[in-house]
> 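This is the structure I want to talk about, given as structure tokens.
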Amino acid sequence: MKAVVMSDYGTNDVLMVAELAIPQPGSTEVLVRIYATGLNPVDFKIREGHLKELFPVEFPRVLGGDISGVVVDAGALAKDFKKGDAVYFSNPLDRDGGFAEFVTVDQSIVALKPKTLNHIEAASLPVVGLTSVQALRDFAGVKKGDKVLIHAGAGGVGSFAIQYAKYLGAEVYTTASSQRSDYLKSLGADRVIDYKTEDFVDVAQKAGGMDVVFESIGGTNYLRSILATKKGGVVPAVVNPPDAETESLAREKNIKTSFMLLQGSRRDLSHIAELIDRGIIKTSVSKTFALDDVALGLAELEKGRTQGKLVVEILPN
Ligand SMILES: NC(=O)c1ccc[n+]([C@@H]2O[C@H](COP(=O)([O-])OP(=O)(O)OC[C@H]3O[C@@H](n4cnc5c(N)ncnc54)[C@H](OP(=O)(O)O)[C@@H]3O)[C@@H](O)[C@H]2O)c1
């Protein structure tokens with residue numbers, strides 16, 4: 001099969017197109033013919049070696065965690081899907097992934113893809129959807145009337161999280177640059193904070209403090225997110241763990257906070273598929289790339305200015 005492999009840690013120069021053997025499914029795994037794979041910042045973070053401690057890489061490695069495709073084979077104990085089922089999933093980061101024509105995956109973390117989406121659209125969902133559901137519903141317990149601040153609302157995670165927080169009944173604040181305002185309002189954001197001209201901590205404090213801040217920027221933004229949160233609030237963080245100062249302020253304000261990593265989950269993916277098929281949540285793919293052009297796609301994502309999602313189309317939909 002054709003795949004894009006990473007031969008070492010480094011820039012996009014370490015990525016090359018190669019021919020690999022089609023993997024064989026283990027007993028509880030399915031073999032999936034990949035139609036599309038979404039791009040995520042974690043792809044270039046792993047490529048750069050930033051996550052070496054968490055996810056050590058054996059080379060050559062195929063990156064790409066957001067996958068939509070069709071089941072073509074299954075191990076002896078993998079009975080949950082049949083050949084021809086269209087599925088989507090978030091591939092574990094310590095395994096070969098979706099910048100390839102085939103992948104094997106344990107059936108327990110696979111779900112039927114939303115019926116109303118093609119594979120390109122479906123491949124834009126698992127990572128951002130699972131992250132948002134697990135951060136906002138499970139960790140933060142967002143409920144009707146909560147004031148929730150979603151950082152980087154125009155990006156992949158933010159675009160999904162705004163809609164999910166609205167679905168949970170929250171009043172949604174979001175940070176973005178001013179030209180994204182119409183897009184973010186169309187997703188349901190109640191208040192767009194232009195982070196280039198407004199201080200989100202001021203806005204939050206004037207509103208009496210946020211019940212929940214979804215911290216998806218990292219660095220000093222984490223401490224500032226704690227400042228923006230009410231006493232007793234919740235701050236799920238998905239970029240880095242809290243430093244000592246952030247942890248200490250969170251303790252002082254009785255704020256529940258933690259760095260979290262998304263977990264593969266059929267149940268959550270089925271929930272997301274249902275919200276998509278009921279028209280409650282929409283996905284926005286702003287650009288697609290060919291498999292040969294994964295490096296170009298990652299270079300674009302690395303600029304940090306993406307609206308919605310970027311997706312690699314592997315087989316015509
Ligand atoms: N822990 C986990 O399980 C997990 C899961 C998923 C993602 N993540 C992490 O979450 C982060 C976000 O991921 P993503 O896929 O959403 O990234 P993304 O799509 O690349 O985000 C791009 C967006 O960020 C906005 N942005 C950049 N700087 C900003 C700032 N200071 N304030 C507000 N918005 C800003 C940009 O808007 P403008 O152009 O308007 O500036 C752009 O729309 C990444 O670090 C990713 O690795 C973690």
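Note that ligands are numbered from 1 as they come in the structure, with each ligand's atoms numbered from 1 the same way.
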> Is the positively charged end of Arg224 above the ring of Phe200, judged by distance under 6.0 angstrom from the centroid and angle within 45° of the axis?
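Cation-pi check for Arg224 and Phe200: passes.
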> Return the set of residues passing ring-ring contact (aromatic ring centres under 6.0 Å, His included) with Tyr222 (not counting sequence neighbours), or none when no residue passes.
none
> Run the numbers on Asp211 and Lys147 for salt bridge (Lys or Arg N to Asp or Glu O under 4.0 Å), then give the verdict.
CA-CA 5 Å; Asp211 296 289; Lys147 287 189 167 70; over 6 Å; no
> Does any part of the side chain of Thr306, heavy atoms only, come nearer than 4.5 Å to the side chain of Ser286, both counted from C-beta?
yes
> So which atom in Tyr164 and which in Ser132 form the shortest heavy-atom distance, rounded to 0.1 Å?
CD2-O, 4.2 Å
> For ligand 1, list all ligand N or O to protein N or O distances below 3.5 Å, rounded to 0.1 Å.
from	atom 1	to	atom 2	distance (Å)
ligand 1	1 (N)	Val238	O	3.0
ligand 1	1 (N)	Met260	O	2.8
ligand 1	3 (O)	Leu262	N	2.9
ligand 1	16 (O)	Gly156	N	3.3
ligand 1	16 (O)	Val157	N	2.9
ligand 1	19 (O)	Gly156	N	2.8
ligand 1	39 (O)	Arg180	NH2	2.5
ligand 1	39 (O)	Arg305	NE	2.8
ligand 1	40 (O)	Ser177	N	3.2
ligand 1	40 (O)	Ser177	OG	2.3
ligand 1	40 (O)	Arg180	NE	3.1
ligand 1	41 (O)	Tyr195	OH	2.4
ligand 1	41 (O)	Arg305	NE	3.3
ligand 1	41 (O)	Arg305	NH2	2.8
ligand 1	43 (O)	Gly155	N	3.4
ligand 1	43 (O)	Thr306	O	2.7
ligand 1	45 (O)	Lys45	NZ	2.8
ligand 1	47 (O)	Lys45	NZ	2.8

> If you count heavy atoms of other groups shown closer than 6.0 angstrom to CD of Glu198, is the number above 12?
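Above 12, so yes.
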